[in-house]
Amino acid sequence: IHPDEMRVCAACPEDNGKRTKKGRCVSLTEEMKLALKKKACRVRMGIIASTHAAKAGHPGGSLSAADLFAYLYNKELRIDPKDPKDPKRDRFVLSKGHTAPGLYAALAERGFFPVEDLLTLRHIDSYLQGHPNMNTVPGVDMSTGSLGQGISAAAGMAKGAKFLHEDVNVYTLLGDGEIAEGEVWEAMLFAAHYKLDNFCMIIDLNGLQIDGRTCDVMNTAPVDEKAKAFGFQTISIDGHDFDQMEQAFAAFHACTGKPTCILMHTVKGKGVSFMENQVGWHGKAPNDEEYKLAMEELNAAMAELEAAK
């Protein structure tokens with residue numbers, strides 16, 4: 001990260017990246033928010049470029065989580081691209097593993113591997129396959145794809161960190177279609193039972209899944225009341241607002257004795273006008289014309305951000 005753009009927790013001179021449970025190294029400034037917006041835009045560009053090159057993939061849910069990916073990998077997580085296996089690092093598990101294009105774009109932008117490698121997504125012999133593989137992709141903490149299993153692995157990681165008395169936070173991102181899986185709620189029971197206050201689950205509530213609206217396929221509302229009943233500190237935010245993200249993660253760090261659930265209200269396909277709130281873009285790659293239109297929009301958005309200096 002260029003020092004003129006952002007001070008990242010892992011590089012913060014105030015605490016050398018060793019943020020404690022009760023402390024944050026630095027609060028968001030307007031300069032940092034602008035840098036995050038640029039990062040999120042570049043993540044979106046990576047999503048569009050990689051799925052277009054693959055002629056397959058899941059752009060819709062990747063785009064809805066792009067702002068979160070930018071925030072996590074450039075502000076929240078204590079990580080080091082030069083030492084991706086550091087045992088004291090924070091962990092992130094992409095439980096909705098099909099949105100790997102978003103995760104890969106964020107990892108590339110953070111320096112875990114070359115950005116140009118995104119164009120090998122899903123290609124034969126590429127290490128960037130359609131779902132995250134912890135054995136091949138630097139920065140990936142758990143192989144995921146089978147919905148419901150990621151949160152279970154993440155909860156186990158959080159319990160392990162507690163058992164070892166390690167200052168490690170574990171984050172996991174789920175889709176709102178995914179939470180129809182019973183295993184999700186078993187993992188939540190586990191996290192609450194063991195009082196895993198180092199565990200933060202985030203649910204991307206974009207309202208759409210592969211078969212249509214989540215409320216029609218399998219209505220899980222009210223998710224907030226359910227999460228509270230399962231023993232979680234529960235926070236609802238606009239998933240495209242960095243100030244609200246900052247407040248939610250501050251509440252996570254301040255909470256003791258229980259896990260945290262952040263309900264992130266988003267727009268599926270966010271950032272590309274013709275993909276927004278369109279269920280058909282759940283698992284379809286843009287063709288050449290659609291790629292051109294999408295990149296024109298994102299380049300225009302980036303130009304506007306660059307002009308805001």
Side-chain angles (χ1 to χ4, degrees), residues 1 3 6-26 32 36 39 43 65 68-97 99-100 102-115 117 127-128 131-144 149-174 187 191 194 196-202 245-246 248-250 252-256 259-260 262:
I1 306 299
M6 175 174 294
R7 289 170 63 198
V8 179
C9 287
C12 178
E14 294 180 11
D15 65 358
N16 197 29
K18 301 301 182 183
R19 186 183 64 242
T20 65
K21 180 70 178 175
K22 291 294 184 181
R24 305 301 304 281
C25 66
V26 65
M32 291 174 69
L36 282 171
K39 283 290 181 185
V43 168
L68 176 73
F69 287 133
Y71 188 94
L72 285 174
Y73 281 94
N74 298 283
K75 178 66 171 70
E76 178 65 19
L77 297 174
R78 294 171 295 183
I79 51 174
D80 182 358
K82 296 178 181 177
D83 188 10
K85 295 296 185 181
D86 177 7
K88 296 186 181 298
R89 73 191 184 280
D90 287 338
R91 269 55 165 196
F92 174 72
V93 177
L94 183 63
S95 198
K96 59 168 195 168
T99 59
L103 174 60
Y104 294 160
L107 288 169
E109 286 293 333
R110 187 66 175 84
F112 282 88
F113 52 82
V115 172
D117 286 4
Y127 64 98
L128 300 176
H131 294 79
N133 185 341
M134 63 189 292
N135 298 309
T136 63
V137 184
V140 170
D141 292 316
M142 178 53 62
S143 303
T144 56
Q149 292 187 1
I151 181 179
S152 301
M157 292 176 184
K159 180 65 171 73
K162 286 286 188 181
F163 180 78
L164 295 172
H165 305 290
E166 295 285 357
D167 177 25
V168 170
N169 293 325
V170 182
Y171 305 77
T172 184
L173 176 63
L174 298 87
Y194 287 106
L196 301 180
D197 52 17
N198 61 336
F199 180 67
C200 182
M201 66 177 292
I202 306 146
M245 283 187 198
E246 175 77 356
F249 287 115
F252 162 56
H253 291 294
C255 183
T256 58
T260 293
I262 298 175

Parallel, tilted or perpendicular: ring planes of Phe92 versus Tyr73, cut at 30 and 60 degrees:
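Ring orientation, 0 to 90° scale: perpendicular.
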From [atom1] ([X]) to [atom2] ([Y]), nearest 0.5 Å:
X	Y	atom1	atom2	result
Lys39	Lys75	NZ	NZ	15.0 Å
Arg110	Leu72	CZ	CG	12.0 Å
Arg78	Asp86	CZ	CG	10.5 Å
Leu103	Thr144	CG	OG1	8.0 Å
Lys85	Asp141	NZ	CG	7.0 Å
Asp197	Lys162	CG	NZ	3.5 Å

Show your working on side chain to side chain contact (heavy atoms under 4.5 Å, CB included) between Asn133 and Val140 and close with a plain yes or no.
CA-CA 7 Å; Asn133 185 341; Val140 170; over 6 Å; no
Short side-chain to backbone donor-acceptor contact, [X] and [Y], under 3.5 Å:
X	Y	result
Ser143	Met134	yes
Arg89	Asp80	no
Asn198	Ala158	yes

Does atom NZ of Lys82 have more than 12 heavy-atom neighbours, drawn from other residues, nucleotides or ligands, at distances under 6.0 Å?
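Open.
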Could you walk me through whether Lys96 and Leu173 pass side chain to side chain contact (heavy atoms under 4.5 Å, CB included), step by step?
CA-CA 7 Å; Lys96 59 168 195 168; Leu173 176 63; 3.8 Å; yes
Non-hydrogen atoms of [X] and [Y] that approach each other most closely:
X	Y	result
Pro81	Phe112	CA-CE2, 3.6 Å
Thr260	Cys255	OG1-CB, 4.3 Å
Pro84	Gly139	CB-N, 4.0 Å
Tyr104	Pro132	OH-CA, 3.4 Å

Tell me if the centroids of the rings in Phe199 and Tyr194 come within less than 6.0 Å of each other.
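So the answer is no for these two rings.
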Tell me, do [X] and [Y] make a side-chain contact under 4.5 Å, heavy atoms counted?
X	Y	value
Met142	Met157	yes
Lys88	Asp167	no
His253	Asn169	yes
Phe69	Glu109	no

Result of checking Leu94, Val93, Ile151 against Leu174 for side chain to side chain contact (heavy atoms under 4.5 Å, CB included)
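With Leu174 as partner, Leu94, Val93, Ile151 yield a single side chain to side chain contact (heavy atoms under 4.5 Å, CB included), made by Ile151.
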Side-chain donor-acceptor pair present, Asp117, Tyr127, cut-off under 3.5 Å:
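Yes, Tyr127 and Asp117 have a side-chain donor paired with an acceptor closer than 3.5 Å.
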For a side chain to side chain contact (heavy atoms under 4.5 Å, CB included) check, start with the C-alpha distance between Ile262 and Phe249, then their side-chain angles and the critical distance, and finish with the verdict.
CA-CA 9 Å; Ile262 298 175; Phe249 287 115; 3.7 Å; yes
